[in-house]
> 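Here it is, the structure in full.
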Amino acid sequence: MRAVNKEVLKDAANRLLFDMSDEEYNTLLDEFHIIKEQFELIGKIKGVDDSTPMTFPFEVTIDCLREDIPEKPLSKEDALKNAGSVKDGQIKLPKVL
Amino acid sequence: MNYLDKTIVEIHEALLSKKVSVLELTKEALKRAHENSDNAFELILDESAIKKATELDKLPVPKDNYFFGIPYVAKDSFSTKGIETTGSSNILNGYIPLFDATVIKYLNDANAVLIAKATLDELAMGGTGTTGHKGITYNPYDASHEHMVGGSSCGSAVSVAAGVVPFSLGSDTGDSVRKPANNVGLVGMKPTWGLISRYGLFPFAPSLDHVGYFTKSVEDSALALNLLSKRDDNDATNTYHKRDDYFKEVSKDIKGKKIAVIKEISTSIKDPVLAKKFDESIEFLKGKGAVVDMVSMDATLLSTIYPAYFIISCAEATSNNANLDGIKFGPNYGGNTYQEVMYNSRTRGFSPLIKRRFVIGSYSLMSDNQHDLFLRAQKARHMIVDAFNEVFKKYDAIYLLAAPKTAPKFNEASDKLSDTYLLADNYLAFGNFGGFPSMTLPLGFKDGMPFGVNITSKPFDEKDVFDIGLALEDFTNLKGLDINMKHGEDK
């Protein structure tokens with residue numbers, strides 16, 4: 001497991017496209033002492049690594065399809081209503097190239 | 001006592017017999033919402049609520065529609081068409097959904113009256129009611145504002161406990177309905193995972209997220225499930241399992257029901273007032289013909305419910321909130337590249353607490369850590385669910401105090417490695433792990449603050465939860481409880 005330090009936490013934050021203040025990183029580093037001890041409890045469960053990961057509470061099988069009912073899609077006007085930067089009927093972003 | 005302080009069933013009878021009008025109820029609810037000082041509301045919808053109430057009073061009250069004219073409040077993480085919905089986060093300031101969440105549609109179609117959107121812990125990621133962008137939400141039982149209401153469905157809990165409305169919508173990913181219900185003396189229900197459509201609910205951790213709700217009686221809770229649990233094509237995880245008539249079938253006859261009390265959790269609760277009342281309630285249940293046994297489980301396994309929940313929920317949250325980028329919706333602060341636009345929006349839009357949770361989620365998903373953290377947490381979840389399913393092979397329900405104490409104070413420190421914290425204070429997430437139906441209801445009072453019990457059963461066995469709860473109301477005498485109802489210490 002990767003050691004916890006400010007650089008690792010900053011990397012974890014930047015992967016999610018945000019940053020925190022130095023104070024916030026320090027708070028998180030302090031919290032990690034307890035969090036890591038709590039996490040380590042999981043490793044103490046007898047046979048945990050032989051178990052299979054559970055991704056949903058129970059088996060969910062959907063074996064039918066919805067009726068194919070034609071619907072009007074969202075209008076362009078509506079789709080753009082909540083965007084902060086719009087130009088010529090499109091969401092405007094900085095140039096990529 | 002005003003009609004608004006009554007249960008949904010009682011208000012419906014009053015509407016049918018014309019003792020009160022929808023407009024009178026709505027005006028009183030709006031008045032109480034404005035007068036409330038617990039910071040429970042994002043938005044109070046005076047105009048639309050009065051307009052709808054006025055229209056409803058021109059119609060006959062349908063005998064079989066209990067939600068007709070009932071004022072209600074929704075957590076601000078449910079999409080409401082044309083009404084700003086922020087999830088109590090700055091990153092969604094100004095966001096106006098283009099559609100209603102399915103449960104909002106069901107309530108509106110039933111002609112319930114939405115009077116306000118309620119505060120929550122930011123994006124439902126918290127359990128204290130302190131992290132929303134409007135600040136702390138307070139417990140209505142404590143005028144000095146020293147006690148938490150808890151979260152994340154803090155404003156929804158206050159709405160019912162303070163007598164503003166008889167029903168509110170919340171959501172429950174770890175215990176976000178059932179823990180606040182403990183803290184403010186309400187019936188807080190989280191049914192089986194997949195039974196209520198989540199379409200239009202802001203996702204936090206979809207493998208754990210449930211729509212939940214608050215009422216003042218078990219009967220109302222069963223009634224609400226009838227309305228909310230209709231099958232919905234818009235949610236791929238909404239089950240095709242048969243729905244029951246929960247309201248019609250609820251019965252206080254619990255003779256022969258087998259109830260398990262988990263020894264390791266129960267004995268980690270040290271408060272003598274709560275423990276005494278709980279023991280008395282067990283004797284009551286036995287007196288009604290239920291078989292109540294103390295059942296032992298692996299304490300190490302139980303102590304990992306919270307850490308496993310924490311890892312899984314934080315990890316799932318990182319991807320589920322990736323769409324909050326300031327581009328399609330939410331404040332856009334600009335930038336030289338599209339990544340910079342997102343970076344600026346997310347850095348300024350998220351509060352420190354949920355950023356920390358996201359970082360923990362991101363850390364546990366790093367390739368070096370995934371095996372030891374995320375995958376191992378998912379494996380622990382499997383073992384925990386298997387262990388509870390073993391209990392449910394022999395028992396109809398698990399019965400425990402919902403928390404080790406009444407609502408904690410804001411400045412109260414707790415030992416986060418203690419049994420009290422890991423077992424008694426955070427065990428309710430097992431209901432989310434296994435998708436089990438789970439309900440908290442008030443049991444008594446200590447020092448003027450309410451506390452509750454929790455009943456959990458196997459998937460799709462809501463009836464046992466409701467039946468045991470209904471029977472218990474005869475013991476607690478707290479049916480219909482809100483702050484306007486007189487109550488005594490240790491009733």
Side-chain angles (χ1 to χ4, degrees), chain A residues 1-2 4 8-21 23-25 27-28 31-32 34-35 37-58 60-64 66-67 74 78-85 91-96, chain B residues 95-96 98 193-194 207 233 236-237 239-240 300-301 303-304 306-308 310-311 318 326-332 335-343 346-347 350 352 355-356 358-360 362-363 366 368-369 372-373 375-383 385 416-417 422 433-435 459:
Chain A
M1 203 157 68
R2 201 179 287 194
V4 180
V8 169
L9 297 182
K10 196 173 176 66
D11 176 35
N14 290 169
R15 286 170 188 230
L16 299 177
L17 289 179
F18 65 76
D19 204 357
M20 306 198 297
S21 67
E23 193 186 344
E24 285 162 13
Y25 282 115
T27 303
L28 184 54
E31 286 176 355
F32 246 95
I34 297 290
I35 291 169
E37 281 194 61
Q38 290 178 344
F39 289 177
E40 280 161 13
L41 287 170
I42 297 173
K44 291 180 183 168
I45 303 171
K46 201 176 169 188
V48 67
D49 289 325
D50 300 327
S51 174
T52 51
M54 177 177 255
T55 51
F56 288 100
F58 41 77
V60 181
T61 309
I62 305 291
D63 53 7
C64 54
R66 280 187 291 188
E67 286 298 309
L74 203 60
D78 277 345
L80 296 174
K81 263 182 185 167
N82 281 295
S85 177
I91 292 175
K92 188 185 172 205
L93 284 171
K95 279 185 182 174
V96 177
Chain B
Y95 169 61
I96 299 177
L98 301 165
W193 186 85
S207 84
D233 274 346
T237 60
T239 180
Y240 280 90
T300 306
L301 193 62
S303 70
T304 62
Y306 179 69
F310 198 61
I311 293 170
T318 59
I327 293 172
K328 300 176 293 295
F329 38 73
N332 180 327
N336 294 319
T337 63
Y338 76 88
Q339 291 98 330
E340 211 172 283
V341 174
M342 294 164 73
Y343 193 88
R346 291 165 70 83
T347 297
F350 293 135
K355 278 186 194 166
R356 295 204 296 274
F358 284 144
V359 170
I360 292 161
S362 177
Y363 176 80
M366 285 176 170
D368 295 352
N369 302 335
D372 287 341
L373 294 177
L375 285 174
R376 201 175 253 175
Q378 287 185 316
K379 289 176 178 183
R381 175 183 181 177
H382 207 158
M383 293 181 76
V385 171
K416 293 193 165 125
L417 293 168
L422 290 171
F433 280 0

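Residue numbering restarts at 1 for every chain, and letters A, B, ... go by the order of the sequence lines.
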> Name the orientation class of the two ring planes belonging to B:Phe350 and A:Phe18 (parallel below 30°, tilted from 30 to 60°, perpendicular beyond 60°).
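Perpendicular, since the angle between the ring planes exceeds 60°.
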
> For B:Arg356, enumerate each residue passing the side-chain hydrogen bond (donor to acceptor under 3.5 Å, both in side chains) test, keeping only those at least two apart in sequence or located in another chain.
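B:Arg356 satisfies side-chain hydrogen bond (donor to acceptor under 3.5 Å, both in side chains) with A:Glu31 once adjacent residues are dropped.
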
> So which part of B:Ile327 gets closer than 4.5 Å to some heavy atom of chain A, the side chain, the backbone, both or neither?
both

> Is A:Lys10 in contact with chain B via its backbone, its side chain, both, or neither, using a 4.5 Å heavy-atom distance?
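No part of it gets close to chain B.
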
> Identify, with sequence neighbours excluded, every residue that meets side-chain hydrogen bond (donor to acceptor under 3.5 Å, both in side chains) alongside B:Lys416.
none

> Taking it one step at a time, do B:Lys379 and A:Ile45 satisfy side-chain contact (heavy atoms from CB on, under 4.5 Å)?
CA-CA 10 Å; B:Lys379 289 176 178 183; A:Ile45 303 171; over 6 Å; no

> Determine whether a donor-acceptor pair (N or O, by modelled atom type, separation under 3.5 Å) exists between the side chain of B:Ser362 and the backbone of B:Phe358.
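Pair absent, no side-chain N/O of B:Ser362 close to backbone of B:Phe358.
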
> Is it the side chain or the backbone of A:Phe32 that comes within 4.5 Å of chain B heavy atoms, both, or neither?
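Answer is side chain: those atoms of A:Phe32 sit under 4.5 Å from chain B.
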
> Please round to the nearest 0.5 Å and tell me the distance separating atom CE of A:Met20 and atom CG of A:Leu28.
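It comes to 5.0 Å.
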
> State, yes or no, whether a side-chain contact exists between B:Thr318 and B:Tyr363 at a heavy-atom distance under 4.5 Å.
no

> Test your reading of the model: is there a side-chain donor-acceptor pair from B:Arg376 to the backbone of A:Gly43, 3.5 Å cut-off?
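Answer holds: no.
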
> Do you know which of A:Ile35, A:Ile34, A:Asp78 has the most heavy-atom pairs under 4.5 Å to chain B?
A:Asp78

> With a 4.5 angstrom heavy-atom cut-off, is it the side chain or the backbone of B:Asn332 that approaches chain A, or both, or neither?
side chain

> Is it the backbone or the side chain of B:Val385 that comes under 4.5 Å from a heavy atom of chain A, or both, or neither?
side chain

> When the ring planes of B:Phe310 and A:Phe39 are compared, do they come out parallel, tilted or perpendicular, using 30° and 60° as the limits?
tilted

> At a heavy-atom distance under 4.5 Å, which candidate from A:Gly84, A:Pro53, A:Ala83, A:Ala13 has the highest pair count against chain B?
A:Pro53

> Checking heavy atoms, do the side chain of A:Val8, its backbone, both or neither come under 4.5 Å from chain B?
both

> Let me know if A:Lys44 has heavy atoms under 4.5 Å from chain B in its side chain, its backbone, both or neither.
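Its backbone and side chain both get close to chain B.
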
> Counting only heavy atoms closer than 4.5 Å, note whether B:Asp233 contacts chain A via side chain, backbone, both or neither.
both

> Who wins among A:Thr52, A:Val4, A:Asp50, A:Val96 for the most heavy-atom pairs under 4.5 Å with chain B?
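Most pairs with chain B among the choices: A:Thr52.
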
> If you compare all heavy atoms of B:Pro459 against all heavy atoms of B:Gly434, which two are closest, and at what distance to 0.1 Å?
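What the structure gives for the nearest pair is CG-O, 4.0 Å.
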
> Heavy-atom distance under 4.5 Å to chain B: side chain of A:Ile42, backbone, both or neither?
both

> Out of curiosity, B:Tyr95 OH to A:Lys81 NZ, how far, rounded to the nearest 0.5 Å?
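NZ of A:Lys81 is found 11.5 Å from OH of B:Tyr95.
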
> Tell me, out of A:Asp11, A:Leu16, A:Thr27, who's got the most heavy-atom pairs with chain B below 4.5 Å.
A:Leu16

> Select one option (side chain, backbone, both, neither) describing which atoms of A:Ile91 are under 4.5 Å from chain B's heavy atoms.
side chain

> Given that the side chain runs from C-beta out, which part of B:Tyr338 has a heavy atom under 4.5 Å from chain A: side chain, backbone, both or neither?
both

> Select, from B:Leu422, B:Thr304, B:Thr300, the one with the greatest count of heavy-atom pairs under 4.5 Å involving chain A.
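Ranked by contacts with chain A, first place is B:Thr304.
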
> Which answer fits B:Ser303, side chain, backbone, both or neither, if we ask what part of it has an atom under 4.5 Å from a heavy atom of chain A?
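Looking at B:Ser303, backbone and side chain both touch chain A.
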
> When heavy-atom pairs shorter than 4.5 Å are enumerated against chain A, which of B:Thr237, B:Val341, B:Leu375, B:Ile360 gives the highest number?
B:Ile360

> Judged by modelled atom types alone, do B:Arg381 and B:Ser207 share a side-chain donor-acceptor pair under 3.5 Å?
yes

> Using a cut-off of under 4.5 Å for heavy-atom pairs, which of B:Met383, B:Met342, B:Glu340 has the most such pairs with chain A?
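Top option by heavy-atom pairs under 4.5 Å: B:Met383.
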
> Could you look at A:Leu80 and say if it's the side chain, the backbone, both or neither that has a heavy atom under 4.5 Å from chain B?
neither

